[in-house]
Trainee: 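Dumping the structure here so I can ask a few things about it.
Just follow the structure's listing: the first ligand is 1, and inside any ligand the first atom is 1.
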Amino acid sequence: MVEADRAGFSRGKKLKKIGLKAQDTAEIFLEDVRVPASNLIGEENRGFYQMMKELAQERLVQAVRGQTILETAIEWTKDYVRERPLFGRTVADFQNTRFKLAEMHAQASVMRVYVDRCIAAHMAGELDATEAAIAKMTCVELQGKVLDECLQLHGGWGYIWEYPIARAYADARIARIAGGSIEVMKQIISNSILPKDKRS
Ligand SMILES: Cc1cc2nc3c(=O)[nH]c(=O)nc-3n(C[C@H](O)[C@H](O)[C@H](O)COP(=O)(O)OP(=O)(O)OC[C@H]3O[C@@H](n4cnc5c(N)ncnc54)[C@H](O)[C@@H]3O)c2cc1C
């Protein structure tokens, strides 16, 4: 643990992000910082392994966040399409709207079962890296797809910052990159189903 007022600790400038604007992000620099032995968390020289051990839990958190956001976006969109009048009808009356929302609702329901299963495995101390990678990958990909389609159903207002769907769309993009990118999740899953030493 390094307190921010230690000599040698400094922050870079605040980075301007596409989304997550309520959360500051900056680089940090550690140059010849000295800390007392009592600041050690866990075991010496095991930092990387200790962090790796927690990654499944972090990926589950990302899946849970993705699931919550995509379910919320579907609710916002159901409300919006029912309220938006268009040529004597509402957007909710178009077959395309109804089918899109049906598709999203079905995919969200299936995804919820897997995420819940992973939460139960985590609570039992049994969540493994592959399951966590599957949850993160599929959930944040579905989140991106649902937010894009929900924004589309909002029409032009969907692109306007005062609508939560616009902010959720911008905020969600990082989920496919941070905490292990989609490509890294695919690597974890493929290594589990096709172990390298058994391939040929
Ligand atoms: C807003 C924000 C907040 C962040 N917060 C934190 C934080 O709190 N803590 C923290 O530690 N980090 C944080 N990060 C960093 C984030 O975890 C990394 O950006 C992310 O892990 C990707 O690493 P990278 O940027 O180095 O991309 P790179 O590793 O350079 O990846 C570039 C591209 O190559 C692909 N790639 C990489 N490896 C492979 C591979 N083996 N096979 C195929 N493709 C591959 C990637 O998927 C990506 O498409 C944050 C980043 C952002 C933008």
Side-chain angles (χ1 to χ4, degrees), residues 1-6 8-35 39-70 72-73 111 114-115 118-119 122 127-148 150-151 158-159 161-200:
M1 179 180 69
V2 180
E3 297 90 341
D5 56 0
R6 294 249 167 225
F9 176 94
S10 60
R11 291 188 188 88
K13 65 176 182 341
K14 211 171 106 180
L15 300 168
K16 289 185 181 165
K17 304 194 296 286
I18 294 177
L20 295 179
K21 294 184 190 287
Q23 176 208 75
D24 291 350
T25 302
E27 289 170 309
I28 58 171
F29 302 99
L30 303 161
E31 208 178 332
D32 299 329
V33 181
R34 295 183 68 83
V35 291
N39 275 24
L40 184 68
I41 297 174
E43 265 178 75
E44 195 172 352
N45 295 327
R46 300 281 308 160
F48 182 70
Y49 301 100
Q50 287 171 194
M51 199 197 69
M52 292 279 287
K53 227 174 107 243
E54 305 303 326
L55 282 178
Q57 178 172 294
E58 186 190 347
R59 285 168 188 156
L60 176 61
V61 168
Q62 297 221 10
V64 171
R65 191 191 301 141
Q67 183 72 28
T68 313
I69 294 167
L70 73 88
T72 306
M111 191 73 243
Y114 190 76
V115 173
C118 288
I119 294 172
H122 173 65
L127 181 70
D128 72 28
T130 307
E131 285 172 322
I134 293 171
K136 191 224 151 143
M137 179 182 84
T138 49
C139 205
V140 303
E141 282 193 327
L142 182 60
Q143 178 193 10
K145 178 170 175 277
V146 163
L147 287 171
D148 187 58
C150 285
L151 188 153
Y159 197 69
W161 203 246
E162 73 184 74
Y163 274 77
I165 191 70
R167 297 198 295 273
Y169 177 83
D171 289 349
R173 188 61 185 86
I174 189 60
R176 282 185 267 163
I177 298 167
S181 66
I182 293 296
E183 291 72 23
V184 171
M185 296 306 102
K186 286 181 182 169
Q187 204 175 29
I188 294 169
I189 300 162
S190 62
N191 285 346
S192 145
I193 59 171
L194 280 177
K196 281 187 182 146
D197 54 346
K198 293 188 186 149
R199 226 179 271 162
S200 58

Trainee: Flag this pair as yes if the NZ/CZ of Arg6 is under 6.0 angstrom from the six-membered ring centre of Phe9 and inside a 45 degree cone about the axis; otherwise no.
Mentor: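 Here Arg6 fails the 6.0 Å and 45° test against Phe9.
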Trainee: Is atom 17 (O) of ligand 1 in close reach of the protein, with a heavy atom under 4.0 Å away?
Mentor: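 Yes, at least one protein heavy atom sits under 4.0 Å from atom 17 (O) of ligand 1.
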Trainee: Quick check: closest heavy atoms across Ala166 and Leu151, and the distance to 0.1 Å?
Mentor: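 Closest approach of Ala166 to Leu151, heavy atoms only: CA-CD1, 4.5 Å.
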Trainee: Under 3.5 Å, N or O to N or O, is Lys17 touching ligand 1 that way?
Mentor: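 No, since none of the N or O atoms of Lys17 sits under 3.5 Å from an N or O of ligand 1.
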Trainee: Non-hydrogen atoms of Ile174 versus ligand 1: any pair closer than 4.0 Å?
Mentor: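 It does; at least one heavy atom falls under 4.0 Å.
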Trainee: Under the 4.0 Å line, does any protein heavy atom show up next to atom 35 (C) of ligand 1?
Mentor: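 Flag for atom 35 (C) of ligand 1 set to false, no protein heavy atom closer than 4.0 Å.
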Trainee: Of all the heavy-atom pairs spanning Ala129 and Ala56, show the shortest one and how long it is.
Mentor: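 Looks like CA-CB, 4.5 Å.
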Trainee: Using modelled atom types only, decide if a donor and an acceptor are shared between the side chain of Gln50 and the backbone of Glu43 within a distance under 3.5 Å.
Mentor: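 Present.
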Trainee: Starting at CG of Leu70, measure out to NZ of Lys145 and round the result to the nearest 0.5 Å.
Mentor: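 Going from CG on Leu70 over to NZ on Lys145, the span is 10.5 Å.
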Trainee: For Ser181, take its heavy atoms, then give the atoms of ligand 1 lying under 4.0 Å from any of them.
Mentor: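 What qualifies from ligand 1 is 46 (C), 47 (O).
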Trainee: Where is the nearest protein heavy atom to atom 14 (N) of ligand 1: which residue, which atom, and how far?
Mentor: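 Answer for atom 14 (N) of ligand 1: Ala178 CB, 4.7 Å.
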Trainee: Taking atom NZ of Lys53 as the centre, report whether more than 12 heavy atoms of other residues, nucleotides or ligands fall under 6.0 Å from it.
Mentor: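 Not buried by this count: 12 neighbours or fewer within 6.0 Å.
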Trainee: How long is the straight-line distance from CG of Leu142 back to CE of Met137, given to the nearest 0.5 Å?
Mentor: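 That separation rounds to 11.5 Å.
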Trainee: Are the side chain of Lys21 and the backbone of Arg167 linked by a donor-acceptor contact shorter than 3.5 Å?
Mentor: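 Not confirmed, Lys21 side chain does not pair with Arg167 backbone.
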Trainee: Looking only at heavy atoms, what is the nearest atom pair of Cys150 and Ala73, with distance?
Mentor: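 The pair with the smallest heavy-atom distance is SG-O, 3.7 Å.
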Trainee: At less than 4.0 angstrom from any non-hydrogen atom of Gly179, what atoms of ligand 1 do you find?
Mentor: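 What qualifies from ligand 1 is 17 (O).
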Trainee: Does any N or O of ligand 1 fall below 3.5 Å from an N or O anywhere on Glu183, backbone included?
Mentor: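 Indeed, backbone or side chain, Glu183 has an N or O that close.
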Trainee: Only heavy atoms count here, so choose which of Thr25, Val184, Leu15 is nearest to atom 37 (C) of ligand 1.
Mentor: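 Comparing heavy atoms across Thr25, Val184, Leu15, the nearest one to atom 37 (C) of ligand 1 lies in Val184.
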Trainee: Rounded at 0.5 Å granularity, tell me how far CD1 in Ile182 sits from NZ in Lys136.
Mentor: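 If we round to the nearest 0.5 Å, Ile182:CD1 and Lys136:NZ are 6.0 Å apart.
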Trainee: I'd like to check atom 53 (C) of ligand 1 in this structure: does the protein have a heavy atom lying under 4.0 Å from it?
Mentor: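 At least one protein heavy atom is under 4.0 Å away.
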Trainee: Look at atom 25 (O) of ligand 1 and say which protein heavy atom is nearest, naming residue and atom and giving the distance to 0.1 Å.
Mentor: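 Minimum-distance protein heavy atom for atom 25 (O) of ligand 1 reads Ile177 CG2, 5.0 Å.
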Trainee: Verify side chain to side chain contact (heavy atoms under 4.5 Å, CB included) between Gln23 and Thr25, making sure each step is shown before the conclusion.
Mentor: CA-CA 6 Å; Gln23 176 208 75; Thr25 302; 3.6 Å; yes
Trainee: Could any protein non-hydrogen atom be found less than 4.0 Å from atom 47 (O) of ligand 1?
Mentor: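 Yes, because at least one protein heavy atom sits under 4.0 Å from atom 47 (O) of ligand 1.
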Trainee: Heavy atoms of the protein only: does one fall short of 4.0 Å from atom 10 (C) of ligand 1?
Mentor: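 Looking at atom 10 (C) of ligand 1, one finds that no protein heavy atom lies closer than 4.0 Å.
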Trainee: Please report whether atom 21 (O) of ligand 1 has a protein non-hydrogen atom at a separation of less than 4.0 Å.
Mentor: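 Given the 4.0 Å limit, the answer for atom 21 (O) of ligand 1 is yes, a protein heavy atom qualifies.
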Trainee: Just to confirm my output: which protein heavy-atom neighbour is closest to atom 41 (N) of ligand 1, and how far is it?
Mentor: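 Answer for atom 41 (N) of ligand 1: Gln187 OE1, 3.3 Å.
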Trainee: Distance below 4.0 Å between atom 44 (N) of ligand 1 and any protein heavy atom?
Mentor: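 When distances to the protein are checked, atom 44 (N) of ligand 1 has a heavy atom within 4.0 Å.
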Trainee: Does the protein put a heavy atom under 4.0 Å from atom 32 (C) of ligand 1?
Mentor: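 Under 4.0 Å from atom 32 (C) of ligand 1, zero protein heavy atoms found.
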